Novice: 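Shown below is the structure under consideration.
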Amino acid sequence: MDKIKNPRSVLHALEPIGLGTAEVESLLSYFCRLAVSHSTSTLSLSRAVARRFEHDVEEQFDWYHRQLSGMGEAALTWSGALSALTSVPRLDRLTFLPWKDVIAQNGLPILSNGQFCLQCLAEDQASGRTPYFRLAWESKLVSVCNKHRVRLTTHCPCCGKDKVRHAAALVVPGWCTRCGAFLGSETHDHLANIKPVELWRSRQIGALLAAQDQLGELPQRQHLIDVVRHIIEEMDGGQSARFAKRVGVAKATVHYWLQTDKTPTLEACLAMASQSGISLTQLLTGDLHDWKPPAEGQQLALALFKPEPRRRVPSRELDWGEIEHQLQRFLLLPTPISVREAARRLEVEPRQLYLNSNRTARQLGERYMAYRKRRRQANLNAAMPHLEAAGREVLSEGKALNLREMTARVPPQVLSSVQGLFDVLRDVQANIELSPNMR
Ligand SMILES: [Zn+2]
Ligand SMILES: [Zn+2]
């Protein structure tokens with residue numbers, strides 16, 4: 001584990017991963033790793049932190065509903081609290097907070113489902129690094145991995161379920177919170193219909209995050225507005241209405257930026273950057289040096305990055321011969337996948353698979369269930385000695401066998417691999433009580 005010994009900090013002084021790069025870790029990821037490092041659940045750690053730094057902790061407090069890595073109150077409170085407890089300075093660098101003054105408060109949408117790049121996680125594991133979540137993944141405007149040029153996903157590659165990354169009481173970054181499978185994998189890239197604008201957007205945001213560690217001073221709104229004014233002057237002869245049309249926002253919006261204290265959203269900043277050829281980082285840091293208005297031909301190319309109006313997707317003719325062929329291929333995958341996951345990869349509904357490719361879909365389902373059962377048993381066998389040893393200790397101290405006592409004694413990796421943990425703990429307790437001489 002990459003922790004620094006620091007006797008003066010309350011929590012381990014974990015080293016944040018990827019500072020100063022486009023792959024900088026998110027605060028949410030840091031928080032999850034911190035819980036793992038202390039052999040506790042994210043639920044207990046969140047309650048401990050919240051109790052210490054926020055006045056009221058509601059009974060239903062769910063840490064993962066807070067936008068820890070964003071730009072708002074939660075990011076401010078939690079980066080400060082974790083810096084204080086770990087003695088690692090400036091954990092706000094794992095959030096979007098450094099851009100607080102130059103992006104509108106509601107102008108940086110954060111994705112709550114928890115998206116991730118299958119290949120980034122696979123690479124983390126293959127290279128012996130701790131798998132972690134990248135800050136860039138938290139932004140709704142990032143839809144692809146710039147490094148691997150694949151689409152980010154919110155679904156487990158094994159069970160196919162959604163919200164599997166971190167929304168749970170016990171999280172080990174990189175493992176599915178629903179089925180326990182590793183979330184990294186080689187991507188099936190037949191969905192590779194990635195638009196150039198998506199890659200461009202994630203590259204710009206990646207560069208922004210790489211830059212935020214090196215900022216001399218925090219970016220200021222006035223510098224951004226000066227740059228916008230200069231660009232309007234150079235490209236549109238000072239006519240903000242023309243500029244508004246160029247970047248696809250209302251005329252009044254540009255007026256508010258220039259004449260009142262309104263700040264552009266991240267999306268609007270991306271549109272301005274794409275239309276003027278300035279980088280997002282330069283725009284937001286108010287850095288005009290070496291920017292020139294693009295020449296006519298160049299403008300045409302830049303125009304390609306203009307945000308498109310949303311269009312209705314026409315309904316698709318399904319080629320069931322081809323789908324059957326793909327299903328047969330899925331049957332040969334070394335790691336079986338669920339029918340739900342197969343349907344997701346083929347962009348159809350699971351029930352459509354059962355209706356039209358019934359036999360193969362059922363085979364796929366049976367193969368997956370058998371695999372799940374084997375894996376569950378293997379995990380349980382591996383975890384049992386840990387659970388029994390910890391269980392005896394807890395009971396001999398006259399305490400109850402609950403999640404809190406177990407997370408303090410059993411590594412989170414082991415606990416999170418056990419399905420139906422509460423039933424298992426009941427069995428463990430019954431077994432120990434049946435054989436008192438084993439205590
Ligand atoms: Zn990646
Ligand atoms: Zn899963």
Side-chain angles (χ1 to χ4, degrees), residues 17-18 21-26 29 32 64 111 113-127 129-139 141-189 191-192 194 198-207 209-210 330 333-345 350 364-365 367-376 378-379 412-413 415-421:
I17 305 172
T21 73
E23 292 175 70
V24 57
E25 176 172 31
S26 69
S29 168
C32 293
Y64 45 82
L111 200 77
N113 282 6
Q115 55 178 355
F116 50 95
C117 168
L118 297 162
Q119 291 196 26
C120 280
L121 292 175
E123 225 173 82
D124 285 344
Q125 200 192 37
S127 61
R129 267 197 310 265
T130 311
Y132 70 99
F133 310 138
R134 277 69 172 166
L135 177 53
W137 298 346
E138 303 305 307
S139 166
L141 291 173
V142 175
S143 52
V144 299
C145 171
N146 191 39
K147 186 173 181 195
H148 298 105
R149 302 180 156 250
V150 295
R151 191 170 291 287
L152 301 179
T153 179
T154 55
H155 291 79
C156 168
C158 190
C159 70
K161 287 186 182 144
D162 195 4
K163 298 184 187 149
V164 294
R165 200 190 68 174
H166 67 270
L170 204 60
V171 181
V172 180
W175 278 266
C176 175
T177 56
R178 301 285 202 97
C179 79
F182 184 56
L183 292 176
S185 107
E186 281 307 308
T187 21
H188 35 86
D189 46 355
L191 289 179
I194 291 172
E198 290 181 280
L199 270 175
W200 178 84
R201 260 197 325 242
S202 85
R203 203 159 52 234
Q204 292 291 323
I205 293 176
L209 297 180
F330 291 159
L333 287 175
T335 307
I337 60 171
S338 67
V339 176
R340 183 203 292 258
E341 172 63 8
R344 209 182 60 76
R345 292 189 192 183
L364 203 63
R367 185 168 180 257
Y368 176 70
M369 294 310 282
Y371 163 75
R372 277 287 297 267
K373 203 170 155 192
R374 277 200 312 276
R375 203 180 59 193
R376 196 174 189 151
N379 285 346
Q413 291 91 328
L415 275 187
S416 71
S417 74
V418 177
Q419 302 276 296
L421 186 61

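Atom set for the values below is all heavy atoms of this structure, side chains included, hydrogens, waters and symmetry mates excluded. All ligand and atom numbering here is 1-based and tracks the order in the structure. Source: prediction; values computed, not measured.
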Novice: Taking the side chain from T21 and the backbone from A210, do they hold a donor-acceptor pair closer than 3.5 Å?
Specialist: no
Novice: Within less than 2.8 Å of the Zn ion (ligand 2), any N, O or S from C158?
Specialist: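 Given the 2.8 Å cut-off, C158 does not count as a ligand of the Zn ion (ligand 2).
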Novice: Could you tell me whether a side-chain N or O of R134 sits under 3.5 Å from a main-chain N or O of Y132, the two making a donor and an acceptor?
Specialist: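 Indeed, once roles are kept as given, a pair shorter than 3.5 Å links the two residues.
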Novice: Could you please compute the angle at the Zn ion (ligand 1) from SG of C117 to SG of C145, rounded to 10°?
Specialist: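 An angle of 110° at the metal.
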Novice: Could you go step by step and tell me if R372 and Y368 meet the side chain to side chain donor-acceptor pair (under 3.5 Å) rule?
Specialist: CA-CA 6 Å; R372 277 287 297 267; Y368 176 70; 3.2 Å; yes
Novice: Donor-acceptor pair, distance only, cut-off 3.5 Å: does the side chain of Q115 make one with the backbone of S139?
Specialist: yes
Novice: Can you name the N/O/S atom of H148 that is nearest the Zn ion (ligand 1)?
Specialist: ND1
Novice: What is the SG(C176)-the Zn ion (ligand 2)-SG(C159) angle, to the nearest 10 degrees?
Specialist: 120°
